[in-house]
Amino acid sequence: MTRRSLVTAIGAAGAGTCVCGLGGGCATFSKVGATPAIAADAYAVEAKTLKVTLGKTTPLANVGGSVKVIDARLPTPIIIARTGAGEYAAVSLLCPHRGVEVEYQHERQRFRCASLGHSTFGTDGKLKKGLSKKSLSRYTAALDPADKNRLVVTL
């Protein structure tokens, strides 16, 4: 190996490390964001609903928290965010642009693609800006009137 090829190889490795160090860079390649997955015993899929037991879903205990639900029985993986006191938003987890997971940013009341392109979507799933040409699918999410410890997402 020549000195030039060694320096080139080290520089390429360093650039790859640097890109992954930038917020969301690794998600561009892995397509996985930082939102925690919900525990399997914290939800049930029944007919056309997803029922989430809030007492078993720590990230949703506080406003601003979010979880992802990846289950083959769902039409698409879903991200659920607690947007306010007793208020939740549920949208498709994958950005329509490249299939990278989106993450909830409470301080901006939006979902943002974890890829370097960073398409952004409102809490209603509508595209705000970015490389995506489509909005996220939106699902109705509401507390169960019979059990305030259960969130019901209509699929």
Side-chain angles (χ1 to χ4, degrees), residues 12-54 56-145 149-155:
T17 301
C18 183
V19 168
C20 281
L22 299 174
C26 286
T28 298
F29 304 107
S30 69
K31 297 190 176 189
V32 177
T35 304
I38 192 170
D41 68 340
Y43 73 93
V45 179
E46 301 171 3
K48 298 216 179 249
T49 61
L50 168 66
K51 295 181 179 180
V52 177
T53 303
L54 295 174
K56 294 183 177 183
T57 314
T58 306
L60 295 179
N62 297 311
V63 173
S66 61
V67 294
K68 60 185 170 186
V69 186
I70 301 172
D71 188 300
R73 297 171 291 173
L74 297 173
T76 180
I78 295 173
I79 183 170
I80 302 169
R82 185 168 179 187
T83 58
E87 297 177 20
Y88 300 84
V91 298
S92 51
L93 175 65
L94 305 178
C95 178
H97 177 233
R98 294 186 58 210
V100 175
E101 292 182 1
V102 299
E103 297 174 340
Y104 179 60
Q105 295 181 324
H106 181 66
E107 66 283 352
R108 293 195 169 177
Q109 288 288 297
R110 70 180 187 181
F111 292 97
R112 179 178 170 226
C113 179
S115 180
L116 290 174
H118 300 307
S119 292
T120 57
F121 307 87
T123 56
D124 59 358
K126 289 186 181 175
L127 177 65
K128 287 186 169 187
K129 69 175 188 171
L131 299 173
S132 179
K133 302 292 183 226
K134 297 180 183 177
S135 295
L136 300 171
S137 296
R138 179 183 184 206
Y139 304 96
T140 302
L143 292 174
D144 185 338
N149 189 41
R150 182 176 304 141
L151 180 70
V152 178
V153 179
T154 305
L155 306 173

Ile70 to Pro77 - nearest heavy-atom pair and separation
CG1-CB, 4.0 Å
Is the side chain of Glu103 donor-acceptor paired with the backbone N or O of Ala34 at a distance under 3.5 Å, no angle test?
yes
For Val152 and Lys51, which heavy atoms make the closest approach, and how far apart are they?
CG2-CG, 4.4 Å
Cationic N near anionic O, under 4.0 Å, Arg82 to Glu87:
no
A side-chain contact here means heavy atoms from C-beta on lying under 4.5 Å apart; do Asn149 and Thr53 qualify?
yes
Side chain to side chain contact (heavy atoms under 4.5 Å, CB included) between Thr83 and Val63, worked out:
CA-CA 6 Å; Thr83 58; Val63 173; over 6 Å; no
Side-chain touch Thr140/Val153, heavy atoms, less than 4.5 angstrom
no
Are the side chain of Ser132 and the backbone of Lys134 linked by a donor-acceptor contact shorter than 3.5 Å?
yes
Given side chain to side chain contact (heavy atoms under 4.5 Å, CB included), test Val102 with Ile79 step by step and report yes or no.
CA-CA 8 Å; Val102 299; Ile79 183 170; 4.0 Å; yes
At what distance, to the nearest 0.5 angstrom, does CG of Leu127 lie from NZ of Lys133?
8.5 Å
Are Cys113 and His118 packed together at the side-chain level, in the sense that at least one heavy-atom pair is separated by less than 4.5 angstrom?
no
Are Leu60 and Ile38 packed together at the side-chain level, in the sense that at least one heavy-atom pair is separated by less than 4.5 angstrom?
no
Are Lys126 and Ser135 close enough, and set up right, to give a side chain to side chain contact (heavy atoms under 4.5 Å, CB included), and what steps lead you there?
CA-CA 5 Å; Lys126 289 186 181 175; Ser135 295; 4.1 Å; yes
Donor-acceptor pair, distance only, cut-off 3.5 Å: does the side chain of Ser66 make one with the backbone of Ala81?
no
Closest non-hydrogen atom pair between Leu94 and Gly99, with its separation
CD2-O, 3.5 Å
Would Glu101 and Lys31 pass as an ion pair if we require N to O under 4.0 Å?
no
Which atoms form the tightest heavy-atom contact between Pro96 and Leu136, and what is the distance?
CD-CD2, 3.7 Å
Distance (rounded to the nearest 0.5 Å) between Arg112 CZ and Gln105 CD:
5.0 Å
Nearest atoms (heavy-atom pairs only) where Tyr139 meets Thr154
CB-O, 3.4 Å
What I'd like to find out is whether the side chain of Phe121 reaches to under 4.5 Å of the side chain of Lys129, using heavy atoms alone.
no
Within a strict 4.5 Å, meaning less than it, do heavy atoms of the Leu155 and Ile78 side chains meet?
yes
From OG1 (Thr120) to CD (Gln109), nearest 0.5 Å
13.0 Å
Nearest heavy-atom approach of Thr76 to Ser92 is CG2-CB, 3.8 Å
From CG (Asp144) to CG (Leu54), nearest 0.5 Å:
10.0 Å
Starting from the C-alpha separation in whole Å, work towards a yes-or-no answer on side chain to side chain contact (heavy atoms under 4.5 Å, CB included) for Val91 and Phe111.
CA-CA 9 Å; Val91 298; Phe111 292 97; 3.8 Å; yes
Are any of the side-chain heavy atoms of Val67 and Tyr43 separated by less than 4.5 Å?
no
